[in-house]
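For reference, the structure is listed below as structure tokens.
Atoms considered below: every heavy atom in the structure, side chains included; atoms not considered: hydrogens, waters and symmetry mates. Residue numbers count from 1 along this sequence. Just so you know, these numbers come straight off a predicted model, no measurement behind them.
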Amino acid sequence: MLSSSRLHAGSVTQPIAEPEIIAPKSLTLDLEGFYAGGDLAYAFGSRDDVGHRASSGQLVATPGTLVPGGPNWGLKIGWRDKIQSTGLAFVYGVELGYIAGGIGDSFSTATHQAEIDVKRHLALRLKGGVASIPGDMQFYGILGYARADLDYSVAGTAGGDTISVSDQSDYDGVLLGLGVERALRENLSMMLEYEYTRFSSKTAYDAGGSSTVITPGFGNLRLGLNFAF
């Protein structure tokens, strides 16, 4: 009985194993290869002072200003790579984007009406920036080319001259921007960008020779997701 009691008591004092503590895996932004994504955005227009010139070329009225803006959305696909240095990576890449939505503006006065509508446009962007290694965030700049499908109209009478311009055509432009991207989980990241697009100016004429100069442009603030694959 004594032997059995000692055996039983000994079994109670066996060492208890400490639980293994597993550190959470740190997030790392994927900076190599292809990615795709989408975003929601809001555009803030650049002032376009509408002018009315007679067929002689004389400016007879400046009836108002168009400031194209509004909500829009975009899709994109891109590729990037990095050059790694001590603690930092220099990131470079190219991206093709499609933007659509309600970017536009209009006004109506006692003498004139004018309207601009940016229906959709494509953007080819070159991106370059820096990220810490290892790290979950990068900062970058944007330089690119844009081509937009744009409707523009001006109608009215001033100084004895009547204008009725309606232009539906494609416009080329340049864009500049800044952005930041942060990893959310493996292969998924969030980006915030501001981009300004300025399209080439164009003089549009009506059948009688009256004209206006079209100078569209706007800034776009975008919030979106990228998925690396």
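Between atom CZ of residue F227 and atom OH of residue Y35 there is a gap of 14.5 Å, rounded to the nearest 0.5 Å. To the nearest 0.5 angstrom, L75 atom CG is 10.5 Å from I77 atom CD1. A distance of 10.0 Å separates CD in Q113 from OG in S106, rounded to the nearest 0.5 Å. Rounding to the nearest 0.5 angstrom, the gap separating the CD atom in Q138 from the OG atom in S132 is 10.5 Å. For the atom pair L122 CG and I99 CD1, the distance stands at 9.0 Å (nearest 0.5 Å). We find the CD-OG distance between E115 and S166 to be 9.5 Å, quoted to the nearest 0.5 Å.
Counting only N and O atoms by type, the side chains of D206 and S164 include no donor and acceptor under 3.5 Å apart. In the model, D149 has no side-chain atom that pairs as donor or acceptor with a side-chain atom of H121 under 3.5 Å. Inspection of the T162 and T157 side chains reveals an N or O donor paired with an N or O acceptor under 3.5 Å. Inspection of the R53 and T212 side chains reveals no N or O donor paired with an N or O acceptor under 3.5 Å. A side-chain donor-acceptor contact under 3.5 Å links T215 and D48.
A 4.5 Å side-chain heavy-atom check between L31 and D81 finds every atom pair outside the cut-off. In this structure, the side chains of S55 and Y205 stay at 4.5 Å or more apart for every pair of heavy atoms. The side-chain heavy atoms of V180 and M137, taken from C-beta on, include a pair separated by under 4.5 Å. The closest side-chain heavy-atom distance from L192 to L221 is below 4.5 Å. Two residues are said to be in side-chain contact when any heavy atoms from C-beta on lie closer than 4.5 Å; E95 and W79 fail this criterion. Within the 4.5 Å cutoff, side-chain heavy atoms of M190 are placed close to those of L223.
For the pair G156 and H52, the tightest heavy-atom approach, listed with the atom from each and the gap, is O-CE1, 4.0 Å. In this structure, D151 and K119 approach most closely via the heavy-atom pair OD2-CE, 2.7 Å. For S189 against L29, the heavy-atom pair with the smallest separation is CB-CD1, 3.6 Å. Considering all non-hydrogen atoms of both residues, L175 and Y145 come closest at CD2-O, 4.0 Å. Across all their heavy atoms, G97 and R125 have their closest contact at CA-NH1, 3.9 Å. Nearest heavy-atom pair, T197 versus A146, reported as atom, atom and distance to 0.1 Å: CG2-CB, 3.9 Å.
Between the side chain of S85 and the backbone N or O of L88, no donor-acceptor pair lies under 3.5 Å.
With ring centers used as reference points, F90 lies 6.0 Å or more from Y92.
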### Task
Apply the test side-chain contact (heavy atoms from CB on, under 4.5 Å) to residues E32 and R80: give CA-CA distance (whole Å), side-chain angles for both, the deciding distance (0.1 Å), then the verdict.
CA-CA 5 Å; E32 296 176 293; R80 60 190 173 191; over 6 Å; no
### Task
Before giving the answer on side-chain hydrogen bond (donor to acceptor under 3.5 Å, both in side chains), spell out for T65 and D49 the whole-Å C-alpha distance, their side-chain angles and the decisive distance to 0.1 Å.
CA-CA 4 Å; T65 300; D49 294 324; 2.7 Å; yes
### Query
How far apart are the C-alpha atoms of S153 and Q168, what are their side-chain angles, what is the distance that settles it, and do they pass the side-chain contact (heavy atoms from CB on, under 4.5 Å) test?
CA-CA 9 Å; S153 63; Q168 296 88 34; 5.9 Å; no
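For the salt bridge (charged side-chain N to carboxylate O under 4.0 Å, His left out) condition, the pairs that include at least one residue of residues 129-148, sequence neighbours left out, are D136-R182, R147-D170, R147-D172. Sorted by first then second residue, the side chain to side chain donor-acceptor pair (under 3.5 Å) pairs that include residues 218-229, not counting sequence neighbours, are N72-N220, K76-N226, E181-N226, E193-R222, E195-R222.
The other members of the hydrophobic cluster of I116, by chain and number, are V50, L66, I103, F107, V118, L150, Y152, V154, I163, V165, Y171, F199, I214, F218 (side-chain heavy atoms under 4.5 Å, ILVMFWY only).
Hydrophobic clustering (side-chain heavy atoms under 4.5 Å, transitive across Ile, Leu, Val, Met, Phe, Trp, Tyr) groups L225 together with Y194.
The number of heavy-atom neighbours closer than 6.0 Å to OH of Y98, taken from other residues, nucleotides and ligands shown, is above 12.
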